[in-house]
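Numbered from 1 within each chain, the chains take letters A, B, ... in sequence-line order.
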Amino acid sequence: MNPVSAALLIWYRKNKRVLPWRKISDPYCIWISEVILQQTRVNQGIDYYMRFIERWPDVEQLARASEQEVLKLWQGLGYYSRARNMRLAAQEIVNKHNGVFPKTAIELKKLKGIGDYTAAAISSIAFNEPVAVIDGNVFRMLSRLFNEVTPIDSAAARKTFLLLAESLLDKNHPGDFNQAIMEFGALQCVPKNPDCENCTLQTHCMAFMLKKVDHLPVKRNNVRIRKRFLHYFVFLHKHEQQCYTLLRYRGSGDVWQGLYDFPCIESDRILSISELEKEHLFCAIKSVAPEIIPISGIRKHILTHQHLMAQFYIVKCNNGFEHVKNNSLSLVSQTELGNYPMPRLIDQFLYENENLFDNC
DNA sequence: AAACCGGGGAT
DNA sequence: ATCCCAGGTTT
(Lines give C-alpha, C1' and ligand atoms only; values in the text may rest on other atoms or scores of the structure.)
Protein backbone atom coordinates (compact mmCIF):
# COMPACT_ATOMS: atom_id res chain seq x y z
CA MET A 1 0.00 0.00 0.00
CA ASN A 2 0.99 3.61 -0.51
CA PRO A 3 3.09 4.66 2.51
CA VAL A 4 1.13 7.89 2.88
CA SER A 5 -2.16 5.98 3.00
CA ALA A 6 -0.80 3.59 5.58
CA ALA A 7 0.52 6.44 7.72
CA LEU A 8 -2.83 8.23 7.50
CA LEU A 9 -4.76 5.18 8.71
CA ILE A 10 -2.37 4.63 11.61
CA TRP A 11 -2.60 8.30 12.55
CA TYR A 12 -6.40 8.13 12.34
CA ARG A 13 -6.80 5.11 14.56
CA LYS A 14 -4.69 6.80 17.20
CA ASN A 15 -6.01 10.36 16.97
CA LYS A 16 -9.62 10.25 15.81
CA ARG A 17 -12.20 12.10 17.83
CA VAL A 18 -15.00 10.13 19.49
CA LEU A 19 -18.15 11.26 17.69
CA PRO A 20 -21.74 9.99 18.02
CA TRP A 21 -22.03 8.87 14.39
CA ARG A 22 -18.79 6.91 14.48
CA LYS A 23 -20.26 4.22 16.71
CA ILE A 24 -22.67 2.94 14.11
CA SER A 25 -22.84 2.03 10.43
CA ASP A 26 -26.54 2.82 9.94
CA PRO A 27 -26.61 4.68 6.61
CA TYR A 28 -29.44 6.89 7.90
CA CYS A 29 -27.29 8.15 10.76
CA ILE A 30 -24.25 8.56 8.52
CA TRP A 31 -26.40 10.56 6.11
CA ILE A 32 -27.78 12.88 8.80
CA SER A 33 -24.32 13.51 10.18
CA GLU A 34 -22.82 14.23 6.74
CA VAL A 35 -25.53 16.72 5.80
CA ILE A 36 -25.32 18.50 9.15
CA LEU A 37 -21.55 18.75 8.74
CA GLN A 38 -21.74 20.38 5.31
CA GLN A 39 -20.02 23.75 5.77
CA THR A 40 -20.47 23.26 9.51
CA ARG A 41 -17.93 22.55 12.23
CA VAL A 42 -18.21 19.31 14.15
CA ASN A 43 -18.69 21.08 17.48
CA GLN A 44 -21.50 23.19 16.08
CA GLY A 45 -23.29 20.16 14.64
CA ILE A 46 -23.14 17.56 17.41
CA ASP A 47 -26.13 18.79 19.44
CA TYR A 48 -28.23 19.18 16.29
CA TYR A 49 -27.33 15.61 15.30
CA MET A 50 -28.36 14.21 18.69
CA ARG A 51 -31.69 16.05 18.65
CA PHE A 52 -32.35 15.05 15.04
CA ILE A 53 -31.72 11.33 15.57
CA GLU A 54 -33.79 11.35 18.74
CA ARG A 55 -36.72 13.11 17.08
CA TRP A 56 -36.62 11.06 13.85
CA PRO A 57 -34.74 7.77 14.51
CA ASP A 58 -35.23 6.37 11.02
CA VAL A 59 -36.00 7.39 7.46
CA GLU A 60 -39.70 6.47 7.66
CA GLN A 61 -40.30 8.86 10.55
CA LEU A 62 -38.37 11.67 8.87
CA ALA A 63 -40.43 11.15 5.73
CA ARG A 64 -43.61 11.71 7.74
CA ALA A 65 -42.38 14.93 9.41
CA SER A 66 -43.68 18.34 8.39
CA GLU A 67 -41.30 20.78 6.73
CA GLN A 68 -41.98 23.34 9.43
CA GLU A 69 -41.00 20.95 12.20
CA VAL A 70 -37.79 19.94 10.43
CA LEU A 71 -36.89 23.59 9.88
CA LYS A 72 -37.65 24.35 13.52
CA LEU A 73 -35.15 21.74 14.67
CA TRP A 74 -32.67 23.11 12.12
CA GLN A 75 -33.15 26.68 13.37
CA GLY A 76 -29.82 28.42 13.92
CA LEU A 77 -27.77 25.99 11.85
CA GLY A 78 -28.07 27.86 8.55
CA TYR A 79 -28.25 26.70 4.94
CA TYR A 80 -31.86 25.70 5.45
CA SER A 81 -32.20 24.00 2.07
CA ARG A 82 -30.25 21.15 3.68
CA ALA A 83 -33.17 20.46 6.02
CA ARG A 84 -35.84 20.83 3.34
CA ASN A 85 -33.93 18.56 0.97
CA MET A 86 -33.31 15.88 3.60
CA ARG A 87 -37.02 15.59 4.27
CA LEU A 88 -37.68 15.30 0.51
CA ALA A 89 -34.93 12.71 0.12
CA ALA A 90 -36.37 10.69 3.01
CA GLN A 91 -39.71 10.64 1.18
CA GLU A 92 -37.95 9.52 -2.01
CA ILE A 93 -36.25 6.66 -0.17
CA VAL A 94 -39.51 5.52 1.41
CA ASN A 95 -41.66 5.88 -1.70
CA LYS A 96 -39.28 4.89 -4.50
CA HIS A 97 -36.81 2.58 -2.74
CA ASN A 98 -39.16 0.81 -0.31
CA GLY A 99 -37.39 2.50 2.58
CA VAL A 100 -34.08 0.83 1.68
CA PHE A 101 -31.09 3.14 1.41
CA PRO A 102 -29.37 3.24 -2.02
CA LYS A 103 -25.93 1.65 -1.64
CA THR A 104 -23.83 3.25 -4.37
CA ALA A 105 -22.57 6.81 -4.76
CA ILE A 106 -24.21 7.08 -8.19
CA GLU A 107 -27.63 6.16 -6.82
CA LEU A 108 -27.20 8.30 -3.71
CA LYS A 109 -26.39 11.36 -5.82
CA LYS A 110 -29.86 11.22 -7.33
CA LEU A 111 -31.38 12.14 -3.97
CA LYS A 112 -32.15 15.73 -3.05
CA GLY A 113 -29.33 17.46 -1.23
CA ILE A 114 -26.77 14.70 -1.87
CA GLY A 115 -23.90 15.82 -4.11
CA ASP A 116 -20.50 14.37 -4.93
CA TYR A 117 -19.11 14.67 -1.44
CA THR A 118 -22.06 13.30 0.54
CA ALA A 119 -22.69 10.45 -1.91
CA ALA A 120 -19.08 9.29 -1.63
CA ALA A 121 -19.05 9.71 2.14
CA ILE A 122 -22.19 7.64 2.74
CA SER A 123 -21.33 4.86 0.28
CA SER A 124 -17.77 4.50 1.53
CA ILE A 125 -18.52 4.73 5.26
CA ALA A 126 -21.80 2.82 5.38
CA PHE A 127 -21.35 0.38 2.44
CA ASN A 128 -17.57 0.13 1.94
CA GLU A 129 -17.69 1.38 -1.64
CA PRO A 130 -14.17 2.44 -2.74
CA VAL A 131 -14.91 6.04 -3.77
CA ALA A 132 -12.85 9.04 -2.65
CA VAL A 133 -14.29 12.12 -0.96
CA ILE A 134 -13.25 15.69 -1.72
CA ASP A 135 -13.99 18.33 0.91
CA GLY A 136 -12.29 21.43 2.23
CA ASN A 137 -9.95 19.38 4.40
CA VAL A 138 -8.97 17.12 1.50
CA PHE A 139 -8.30 20.08 -0.80
CA ARG A 140 -5.95 21.63 1.75
CA MET A 141 -4.24 18.40 2.71
CA LEU A 142 -3.62 17.26 -0.88
CA SER A 143 -2.57 20.69 -2.16
CA ARG A 144 0.19 20.72 0.45
CA LEU A 145 1.17 17.07 0.17
CA PHE A 146 1.62 17.28 -3.63
CA ASN A 147 2.34 21.02 -3.98
CA GLU A 148 -0.76 21.19 -6.16
CA VAL A 149 -1.33 24.85 -7.05
CA THR A 150 -4.61 24.53 -8.94
CA PRO A 151 -6.95 27.02 -7.20
CA ILE A 152 -9.35 24.98 -5.09
CA ASP A 153 -12.29 27.22 -6.02
CA SER A 154 -11.67 26.86 -9.78
CA ALA A 155 -13.59 24.70 -12.19
CA ALA A 156 -10.66 22.35 -12.76
CA ALA A 157 -10.11 21.73 -9.06
CA ARG A 158 -12.51 18.85 -8.54
CA LYS A 159 -11.07 16.70 -11.30
CA THR A 160 -7.46 17.41 -10.32
CA PHE A 161 -7.89 16.72 -6.63
CA LEU A 162 -10.14 13.71 -7.13
CA LEU A 163 -7.35 12.01 -9.08
CA LEU A 164 -4.93 12.71 -6.23
CA ALA A 165 -7.40 11.43 -3.64
CA GLU A 166 -8.09 8.28 -5.65
CA SER A 167 -4.36 7.65 -5.96
CA LEU A 168 -4.14 7.47 -2.17
CA LEU A 169 -7.48 5.79 -1.41
CA ASP A 170 -7.16 2.52 0.50
CA LYS A 171 -9.71 0.40 -1.34
CA ASN A 172 -9.83 -2.13 1.46
CA HIS A 173 -10.84 0.51 4.02
CA PRO A 174 -12.42 3.33 2.00
CA GLY A 175 -14.63 4.56 4.85
CA ASP A 176 -11.82 4.77 7.36
CA PHE A 177 -9.45 6.23 4.79
CA ASN A 178 -11.89 8.99 3.81
CA GLN A 179 -12.54 9.85 7.42
CA ALA A 180 -8.81 9.71 8.10
CA ILE A 181 -7.85 12.21 5.42
CA MET A 182 -10.61 14.59 6.53
CA GLU A 183 -9.78 14.22 10.20
CA PHE A 184 -6.14 14.83 9.39
CA GLY A 185 -7.06 18.07 7.65
CA ALA A 186 -9.27 19.10 10.55
CA LEU A 187 -6.80 18.35 13.34
CA GLN A 188 -3.24 18.33 11.92
CA CYS A 189 -3.10 19.97 8.47
CA VAL A 190 -5.11 23.03 9.64
CA PRO A 191 -5.51 26.21 7.56
CA LYS A 192 -3.31 28.45 9.69
CA ASN A 193 -0.11 27.71 11.60
CA PRO A 194 -0.14 23.92 11.22
CA ASP A 195 2.30 22.14 13.53
CA CYS A 196 4.48 20.73 10.75
CA GLU A 197 7.35 19.97 13.13
CA ASN A 198 5.17 17.29 14.72
CA CYS A 199 3.55 15.87 11.60
CA THR A 200 3.67 12.20 10.76
CA LEU A 201 3.60 13.03 7.03
CA GLN A 202 6.40 15.60 7.19
CA THR A 203 8.82 13.56 5.10
CA HIS A 204 6.18 13.04 2.41
CA CYS A 205 4.95 16.62 2.22
CA MET A 206 6.08 18.62 -0.84
CA ALA A 207 4.89 21.91 0.63
CA PHE A 208 6.93 21.35 3.79
CA MET A 209 10.07 20.55 1.83
CA LEU A 210 9.55 23.62 -0.37
CA LYS A 211 8.55 25.80 2.62
CA LYS A 212 5.26 26.61 0.90
CA VAL A 213 2.83 25.35 3.52
CA ASP A 214 1.61 28.89 4.24
CA HIS A 215 0.94 29.47 0.53
CA LEU A 216 -1.25 26.41 0.00
CA PRO A 217 -3.97 25.79 -0.87
CA VAL A 218 -4.31 28.48 -3.56
CA LYS A 219 -7.64 30.29 -3.67
CA ARG A 220 -8.97 32.85 -6.12
CA ASN A 221 -11.28 34.25 -3.51
CA ASN A 222 -13.63 36.74 -5.06
CA VAL A 223 -16.73 37.30 -2.96
CA ARG A 224 -18.34 40.68 -2.66
CA ILE A 225 -20.69 41.30 0.19
CA ARG A 226 -24.04 42.97 -0.25
CA LYS A 227 -25.29 45.36 2.43
CA ARG A 228 -29.01 45.30 3.18
CA PHE A 229 -31.08 47.45 5.52
CA LEU A 230 -34.22 45.94 7.03
CA HIS A 231 -36.97 47.74 8.94
CA TYR A 232 -38.95 45.13 10.87
CA PHE A 233 -42.38 45.83 12.28
CA VAL A 234 -43.42 43.85 15.34
CA PHE A 235 -47.18 44.10 15.65
CA LEU A 236 -48.74 43.91 19.11
CA HIS A 237 -52.44 43.22 19.21
CA LYS A 238 -54.52 41.95 22.10
CA HIS A 239 -57.58 39.83 21.47
CA GLU A 240 -59.51 37.86 24.12
CA GLN A 241 -56.68 37.92 26.70
CA GLN A 242 -54.15 36.73 24.10
CA CYS A 243 -51.38 38.78 22.51
CA TYR A 244 -50.91 38.36 18.77
CA THR A 245 -48.32 39.44 16.23
CA LEU A 246 -47.91 39.15 12.46
CA LEU A 247 -45.30 36.79 11.02
CA ARG A 248 -44.21 36.78 7.41
CA TYR A 249 -43.49 33.49 5.64
CA ARG A 250 -40.32 33.76 3.54
CA GLY A 251 -40.78 32.13 0.16
CA SER A 252 -38.18 31.37 -2.49
CA GLY A 253 -35.81 33.86 -4.07
CA ASP A 254 -34.03 35.12 -0.98
CA VAL A 255 -32.30 34.00 2.19
CA TRP A 256 -34.11 32.01 4.89
CA GLN A 257 -36.55 30.22 2.57
CA GLY A 258 -39.29 28.49 4.57
CA LEU A 259 -38.60 30.47 7.74
CA TYR A 260 -40.66 33.24 9.32
CA ASP A 261 -39.79 36.83 10.20
CA PHE A 262 -41.76 40.06 10.61
CA PRO A 263 -43.33 42.36 8.01
CA CYS A 264 -40.45 44.37 6.60
CA ILE A 265 -39.47 47.40 4.57
CA GLU A 266 -36.09 47.02 2.90
CA SER A 267 -33.89 49.70 1.37
CA ASP A 268 -30.26 50.41 0.53
CA ARG A 269 -29.82 52.40 3.74
CA ILE A 270 -31.57 53.00 7.07
CA LEU A 271 -34.61 55.19 6.53
CA SER A 272 -35.92 57.87 8.85
CA ILE A 273 -39.53 57.83 10.01
CA SER A 274 -40.39 60.55 7.50
CA GLU A 275 -38.86 58.47 4.71
CA LEU A 276 -40.64 55.33 5.91
CA GLU A 277 -43.92 57.23 5.73
CA LYS A 278 -43.59 57.26 1.94
CA GLU A 279 -43.63 53.43 1.83
CA HIS A 280 -46.81 51.62 0.96
CA LEU A 281 -46.54 49.11 3.80
CA PHE A 282 -45.91 51.88 6.29
CA CYS A 283 -49.03 53.76 5.17
CA ALA A 284 -51.04 50.59 5.67
CA ILE A 285 -49.57 50.16 9.14
CA LYS A 286 -50.28 53.78 10.01
CA SER A 287 -53.89 53.29 9.10
CA VAL A 288 -54.38 50.61 11.81
CA ALA A 289 -51.81 51.58 14.45
CA PRO A 290 -51.84 54.62 16.67
CA GLU A 291 -48.24 54.08 17.84
CA ILE A 292 -45.02 53.01 16.09
CA ILE A 293 -42.07 52.83 18.45
CA PRO A 294 -38.50 52.20 17.26
CA ILE A 295 -36.48 49.77 19.41
CA SER A 296 -33.16 51.38 20.22
CA GLY A 297 -30.18 50.32 18.19
CA ILE A 298 -29.56 48.89 14.74
CA ARG A 299 -28.76 45.19 14.86
CA LYS A 300 -26.05 43.85 12.59
CA HIS A 301 -26.35 40.31 11.33
CA ILE A 302 -23.54 38.79 9.31
CA LEU A 303 -24.13 36.21 6.60
CA THR A 304 -21.42 34.85 4.35
CA HIS A 305 -22.46 36.96 1.37
CA GLN A 306 -24.60 39.66 2.94
CA HIS A 307 -24.37 42.10 5.85
CA LEU A 308 -27.80 42.82 7.27
CA MET A 309 -28.63 45.93 9.32
CA ALA A 310 -31.97 45.62 11.04
CA GLN A 311 -34.05 48.24 12.84
CA PHE A 312 -37.05 46.91 14.76
CA TYR A 313 -40.22 48.83 15.46
CA ILE A 314 -43.07 48.00 17.83
CA VAL A 315 -46.45 48.61 16.25
CA LYS A 316 -49.26 48.95 18.79
CA CYS A 317 -52.37 47.94 17.00
CA ASN A 318 -55.78 48.39 18.64
CA ASN A 319 -58.04 47.23 15.85
CA GLY A 320 -57.74 44.59 13.16
CA PHE A 321 -55.07 44.03 10.51
CA GLU A 322 -57.27 44.28 7.42
CA HIS A 323 -55.14 46.96 5.79
CA VAL A 324 -51.85 45.08 6.06
CA LYS A 325 -52.90 41.47 5.58
CA ASN A 326 -51.73 39.45 2.60
CA ASN A 327 -51.02 35.85 1.62
CA SER A 328 -47.60 35.56 3.21
CA LEU A 329 -48.65 36.96 6.61
CA SER A 330 -49.99 34.88 9.49
CA LEU A 331 -51.58 36.07 12.72
CA VAL A 332 -49.73 34.24 15.47
CA SER A 333 -50.35 34.26 19.22
CA GLN A 334 -47.48 34.73 21.63
CA THR A 335 -47.79 31.14 22.83
CA GLU A 336 -47.58 29.70 19.31
CA LEU A 337 -44.49 31.74 18.42
CA GLY A 338 -42.13 28.96 19.46
CA ASN A 339 -43.46 26.61 16.79
CA TYR A 340 -42.30 28.82 13.94
CA PRO A 341 -38.78 28.43 12.52
CA MET A 342 -37.07 31.82 12.41
CA PRO A 343 -33.70 33.26 11.41
CA ARG A 344 -31.25 33.81 14.26
CA LEU A 345 -31.66 37.56 13.85
CA ILE A 346 -35.37 37.34 14.71
CA ASP A 347 -35.02 34.64 17.35
CA GLN A 348 -32.37 36.64 19.19
CA PHE A 349 -34.47 39.79 19.04
CA LEU A 350 -37.38 37.95 20.65
CA TYR A 351 -35.13 36.35 23.24
CA GLU A 352 -33.56 39.66 24.24
CA ASN A 353 -36.98 41.32 24.47
CA GLU A 354 -38.87 38.71 26.47
CA ASN A 355 -41.16 41.34 28.00
CA LEU A 356 -42.05 42.68 24.58
CA PHE A 357 -45.59 41.38 24.80
CA ASP A 358 -46.19 42.43 28.42
CA ASN A 359 -47.70 45.82 27.62
CA CYS A 360 -49.61 44.50 24.71
C1' DA B 1 -18.91 29.02 -14.83
C1' DA B 2 -20.75 31.90 -11.51
C1' DA B 3 -24.02 33.12 -8.07
C1' DC B 4 -26.54 31.93 -4.20
C1' DC B 5 -27.42 29.93 0.33
C1' DG B 6 -26.25 30.84 7.35
C1' DG B 7 -24.15 30.85 11.24
C1' DG B 8 -20.30 30.30 14.30
C1' DG B 9 -15.59 29.98 15.85
C1' DA B 10 -10.59 30.70 15.37
C1' DT B 11 -7.09 33.96 14.41
C1' DA C 1 -11.76 42.21 10.07
C1' DT C 2 -10.81 37.75 7.67
C1' DC C 3 -11.01 33.02 6.86
C1' DC C 4 -13.19 28.73 6.62
C1' DC C 5 -16.02 24.88 7.97
C1' DA C 6 -17.14 16.54 6.49
C1' DG C 7 -21.15 21.38 0.12
C1' DG C 8 -25.27 21.56 -2.96
C1' DT C 9 -28.45 23.80 -6.08
C1' DT C 10 -29.78 27.21 -9.27
C1' DT C 11 -29.01 30.27 -13.03
Who passes side-chain hydrogen bond (donor to acceptor under 3.5 Å, both in side chains) against A:Lys109, sequence neighbours left out? A:Asp116
Students often get this wrong, so: under 4.0 angstrom with heavy atoms, is [X] touching a base, only sugar-phosphate, or nothing?
X: A:Ala155; value: sugar-phosphate
X: A:Ile114; value: sugar-phosphate
X: A:Thr118; value: sugar-phosphate

Separation of the [atom1] atoms in [N] and [M], to the nearest angstrom:
N: C:dC5; M: B:dG6; atom1: C1'; answer: 12 Å
N: C:dG8; M: B:dG9; atom1: P; answer: 23 Å
N: B:dA3; M: C:dA6; atom1: P; answer: 25 Å

In whole Å, I'd like the distance from the [atom1] atom of [X] to the [atom2] atom of [N].
X: A:Leu108; N: C:dA6; atom1: CG; atom2: P; result: 21 Å
X: A:Ile46; N: C:dA6; atom1: CD1; atom2: P; result: 12 Å
X: A:Ile122; N: C:dG7; atom1: CD1; atom2: C1'; result: 13 Å
X: A:Lys219; N: C:dC3; atom1: NZ; atom2: C1'; result: 8 Å
X: A:Asp214; N: C:dC4; atom1: CG; atom2: P; result: 12 Å
X: A:Ile134; N: C:dC5; atom1: CD1; atom2: C1'; result: 16 Å
X: A:Leu88; N: C:dG8; atom1: CG; atom2: P; result: 16 Å
X: A:Arg220; N: B:dA2; atom1: CZ; atom2: C1'; result: 10 Å

I need the residues from residues 20-29 of chain A with at least one non-hydrogen atom less than 4.0 Å from DNA chain C; give them sorted by number, or say none.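 Heavy-atom contacts with DNA chain C come from A:Trp21, A:Arg22.
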Listed in order of residue number, which residues of residues 168-187 of chain A have a non-hydrogen atom at under 4.0 Å from DNA chain C?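 Going residue by residue through residues 168-187 of chain A, the ones with a heavy atom under 4.0 Å of DNA chain C turn out to be A:Met182, A:Glu183.
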I need a per-nucleotide contact map over nucleotides 5-11 of chain B, read 5' to 3'. Cutoff is protein heavy atoms under 4.0 Å; write B for the base, S for backbone only, - otherwise. BBBBB-S
Could you check whether any side-chain N or O of A:Arg82 sits under 3.5 Å from a backbone N or O of A:Gln38, counting only pairs where one atom can act as donor and the other as acceptor? yes
Main chain of A:Met309, side chain of A:Lys300: is a donor-acceptor contact present, judged purely on distance under 3.5 Å?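 Checking the backbone N and O of A:Met309 against the side chain of A:Lys300, no donor-acceptor pair under 3.5 Å is found.
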Of A:Pro191 and A:Gly115, whose closest DNA chain C nucleotide lies nearer the 5' terminus?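 Residue closer to the 5' terminus by nearest nucleotide: A:Pro191.
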same_hphob_cluster(A:Val138, A:Val131) at 4.5 Å side-chain heavy-atom cutoff: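 No.
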Cluster question for you: counting only ILVMFWY and a side-chain heavy-atom cut-off of under 4.5 Å, with indirect links fine, are A:Tyr79 and A:Tyr48 together?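 No, because A:Tyr79 and A:Tyr48 fall into different hydrophobic clusters, even though each may have its own neighbours under 4.5 Å.
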Give me each pair satisfying side-chain hydrogen bond (donor to acceptor under 3.5 Å, both in side chains) with a member in residues 262-271 of chain A, each pair once, sequence neighbours excluded. A:Arg228-A:Glu266, A:Arg269-A:Glu275
Determine which pairs satisfy side-chain hydrogen bond (donor to acceptor under 3.5 Å, both in side chains) with at least one residue from residues 87-99 of chain A, sequence neighbours left out, and list them in order.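 Qualifying pairs, neighbours excluded: none.
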Classify the ring geometry of A:Phe139 against A:Phe161: parallel below 30°, tilted from 30° to 60°, perpendicular beyond 60°. perpendicular
Kindly assign one of parallel, tilted or perpendicular to the pair A:Tyr28 and A:Trp31, based on the angle between their ring planes and the thresholds 30° and 60°.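 A:Tyr28 vs A:Trp31 ring planes: perpendicular.
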Would you call A:Asp176 and A:Lys16 a salt bridge, using N to O less than 4.0 angstrom?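 Looking at A:Asp176 and A:Lys16, the cut-off is not met.
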Taking atom CD of A:Glu352 as the centre, report whether more than 12 heavy atoms of other residues, nucleotides or ligands fall under 6.0 Å from it.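 Result for CD/A:Glu352: enclosed.
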Would one find more than 12 heavy atoms of other residues, nucleotides or ligands at under 6.0 Å from atom CE of A:Met50?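 Check fails, neighbour count at 12 or below.
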Taking only side-chain N and O atoms of A:Arg140, does any of them lie within less than 4.0 angstrom of OP1 or OP2 on C:dC4? no
